[in-house]
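What follows is one structure encoded as structure tokens, with my remarks underneath.
Numbering of ligands and ligand atoms starts at 1, following listing order. Heavy-atom basis, side chains included; hydrogens, waters and symmetry copies ignored.
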Amino acid sequence: MSCHLNLTITQPLPAPPFWNLHRPLLGGEALALLASMFFVLVCNRQFWAAAFAGRSAADAGSWFFAFGMLVALVGIHTLLVAPFISRWTAKPLLSVLIVATAFATYYMESFSVYLDPGMVRNVLATESKESRDLLVWGMASHLALNAGLPLVVLWVIRLKRLPLARALGFRAAFLIGTLTITVAAVALVYQDLSSLMRNHKEVRYLITPANFLYSTARALSSVDTGAVKSRMEIGGDAHLAGSWQARKKPVLFLMVVGETVRAANWGLDGYARQTTPQLKQLGVINFSDVASCGTDTETSVPCMFSAIGRRDYDEDRIRRSESLLHVLRRAGFDVIWRDNNTGCKGVCAGFREDRVDRLPAADLCEEGVCFDEALLKGIDSLLKDRSGNLFIVLHQVGNHGPAYFNRYPSAFRRFTPTCDTSELRACTREEIVNTYDNAILYTDHFLARAVDFLASKEAEYTTAMLYVSDHGESLGEAGLYLHGIPYAIAPTVQKQVPMVMWFSSGFLRSFGLDERCLRRQASLPVSHDNVFHSVLGMLEIQTSVLDPSLDLSRSCRKG
Ligand SMILES: [Zn+2]
């Protein structure tokens with residue numbers, strides 16, 4: 001009787017389909033380990049190259065270091081991935097990670113960038129119309145190879161089923177074991193590793209995908225535009241100096257924030273090509289030695305509007321503090337931000353911000369991408385029904401890469417041949433530089449139109465303009481493209497930027513500025529740190545937050 005029953009329940013289950021028998025069966029731990037080995041060995045070519053630069057393969061120490069680093073990195077990635085692996089989450093999660101990693105390695109290898117929090121913040125802030133510039137054919141083949149193949153392998157694998165209690169126990173033991181081995185591996189190569197990190201701290205941002213997982217978490221957690229509820233007040237005592245009582249006309253000040261224009265290609269800074277013919281004609285005051293605060297928009301824009309600057313750089317403090325614009329408002333200026341870029345990065349929080357792609361400028365915009373002259377379209381209307389002092393910021397798209405060819409109308413295609421694709425690798429250096437220089441020609445033209453506008457308002461306003469670029473750009477020097485290299489190791493071309501001032505004669509007279517003195521001043525080394533203090537100084541706004549030693553106009557003011 002019992003024998004019969006036993007026979008019934010041990011009846012074999014129906015055989016699995018034939019093709020399932022041939023699919024490898026793995027535990028979650030083995031899958032986490034396999035994925036980590038794939039990441040470390042296949043997706044970290046740049047890290048390995050940087051970590052072993054200058055080491056000899058004949059040296060046994062190199063092999064020892066390589067082995068220790070390999071174990072440590074596989075261990076770290078396994079520890080990152082394994083806690084999230086279950087029968088239900090493993091495949092979707094690893095799929096996302098594999099695809100994101102393939103995007104990251106494409107970006108890193110194409111442009112030699114480091115995925116630190118600043119870079120990730122940039123990528124996150126880059127709007128879809130700009131990301132479209134990056135979606136090119138080279139990327140498709142890179143993705144097929146680096147994401148397509150591993151995805152096929154991942155989805156072919158079958159995952160073992162274990163009772164929950166056993167699975168949890170096994171997972172815990174696995175994590176403890178991995179942690180122990182990782183710590184031991186780090187200890188073994190500690191001396192080498194610490195000297196690598198001391199001398200080339202930035203290589204840790206080449207370790208993929210740990211770099212973008214870490215950087216994305218940092219970028220999302222740090223305060224951005226919307227997240228800051230109340231900002232630390234600065235210049236609470238700001239007011240117009242007594243000399244203002246003698247002025248009959250209000251001031252109209254235009255500040256143009258440039259994008260990705262580097263000093264090395266700026267005609268007025270002595271570049272072999274005249275890329276700034278119109279500004280030269282206008283006789284603007286050109287500052288020829290200007291250091292940017294950062295090497296990307298997300299760093300430089302908040303920094304140049306802050307009282308803190310690069311000398312005491314503290315990103316959190318800058319993002320939590322009020323900007324130059326708040327101080328100007330306190331002194332009675334109306335402030336308007338017009339944007340043809342990716343927004344004001346929190347600088348204009350609480351102010352009117354006009355996005356040009358939402359303004360009517362049909363002939364200057366296509367598919368939501370506008371030439372910078374759209375910033376001037378209808379700017380007259382901002383002056384209507386106003387009588388007081390006005391400070392307008394124009395935030396250009398400038399020379400934003402890699403689609404330099406999209407930044408200027410065809411009339412400015414003067415240096416040829418050009419690189420009419422975002423895929424810079426498909427172009428020669430000459431083509432890339434030509435295209436970049438054409439975009440500067442257009443900025444030159446745009447700034448000249450801005451001066452025309454100011455000149456046309458001189459009957460009602462006392463007018464002036466300040467132009468400064470946010471950071472520079474690499475155009476293939478040392479194999480680097482674009483920008484965003486960590487500041488400490490960034491090449492000069494990413495850190496030296498043009499800066500220009502234009503004053504109406506009425507402004508020079510009214511504010512007692514000595515133009516010849518300013519021109520002399522303009523050849524001295526200055527930086528974004530001077531912007532905040534010089535704008536307040538030139539406009540004779542008094543406040544305790546103004547540091548006179550950083551005010552470029554101070555020694556050139558008469559009387
Ligand atoms: Zn920028």
Side-chain angles (χ1 to χ4, degrees), residues 107 111-127 129-131 133-134 219 224-225 255-266 290-306 309-310 313 315 318-319 323 337-348 353 355-357 369-372 375 393-404 406-408 422 424 435-436 439-440 442-443 446-447 466-475 480-487 490-500 527-528 531:
Y107 203 71
F111 304 119
S112 301
V113 295
Y114 293 74
L115 291 178
D116 60 0
M119 185 49 112
V120 168
R121 204 172 295 119
N122 254 329
V123 173
L124 294 178
T126 301
E127 292 175 12
K129 64 185 177 197
E130 287 171 40
S131 339
D133 294 342
L134 291 167
D224 68 353
T225 329
M255 174 159 169
V256 181
V257 179
E259 175 63 62
T260 319
V261 177
R262 66 186 209 179
N265 291 48
W266 188 246
V290 185
S292 68
C293 177
T295 60
D296 59 56
T297 312
E298 300 287 324
T299 307
S300 283
V301 171
C303 183
M304 72 168 81
F305 282 90
S306 82
R310 164 62 50 188
Y313 191 73
E315 186 187 309
I318 289 175
R319 285 175 178 265
S323 72
W337 185 288
R338 288 199 139 198
D339 205 284
N340 191 29
N341 200 303
T342 50
C344 73
K345 317 298 170 194
V347 170
C348 67
E353 183 184 7
R355 304 292 309 261
V356 293
D357 53 0
V369 182
C370 302
F371 294 128
D372 279 325
L375 286 163
V393 184
L394 304 179
H395 190 196
Q396 292 184 265
V397 72
N399 275 41
H400 196 294
Y404 307 124
N406 259 342
R407 304 294 167 236
Y408 53 87
S422 294
L424 298 180
T435 317
Y436 184 84
I440 297 186
Y442 183 60
T443 281
F446 165 72
L447 292 174
L466 166 66
Y467 163 77
V468 63
S469 177
D470 63 345
H471 51 77
E473 184 88 323
S474 282
L475 295 174
L480 298 179
Y481 290 92
L482 307 183
H483 53 265
I485 297 281
Y487 200 82
T492 310
V493 286
Q494 295 194 17
K495 295 191 285 196
Q496 286 292 112
V497 292
M499 181 164 97
V500 153
S527 76
H528 277 167
V531 169

Check: Among the N, O or S atoms that Asp470 has, which is closest to the Zn ion (ligand 1)?
Finding: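 Closest N, O or S atom of Asp470 to the Zn ion (ligand 1): OD2.
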Item checked: N, O or S atom within Glu259 nearest to the Zn ion (ligand 1), by name ->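 This turns out to be OE2.
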Check: Between CZ of Arg262 and CG of Asn399, what distance do you get to the nearest 0.5 Å?
Finding: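 Rounded to the nearest 0.5 Å, the CZ-CG separation comes out at 10.0 Å.
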Item checked: Heteroatom test (N, O or S) for His471 near the Zn ion (ligand 1), limit 2.8 Å ->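 Given the 2.8 Å cut-off, His471 counts as a ligand of the Zn ion (ligand 1).
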Notebook entry, point to check: Of all the atoms in Asn341, is at least one N, O or S atom closer to the Zn ion (ligand 1) than 2.8 Å?
Noted result: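 Checking the Zn ion (ligand 1) against Asn341, no N, O or S atom falls under 2.8 Å.
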Next item on the list: Go through the structure and list residues passing ring pair (Phe, Tyr, Trp, His ring centres under 6.0 Å) with His528, not counting sequence neighbours.
Entry: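 Counting only residues at least two positions away or on another chain, His528 forms no ring pair (Phe, Tyr, Trp, His ring centres under 6.0 Å).
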Item checked: With Tyr436 via ring pair (Phe, Tyr, Trp, His ring centres under 6.0 Å) - residues at least two apart ->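 Ring pair (Phe, Tyr, Trp, His ring centres under 6.0 Å) check on Tyr436 returns Tyr404.
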Next item on the list: With side-chain contact (heavy atoms from CB on, under 4.5 Å) as the test, would you mind laying out the steps for Val497 and Asp470 before giving the verdict?
Entry: CA-CA 7 Å; Val497 292; Asp470 63 345; over 6 Å; no
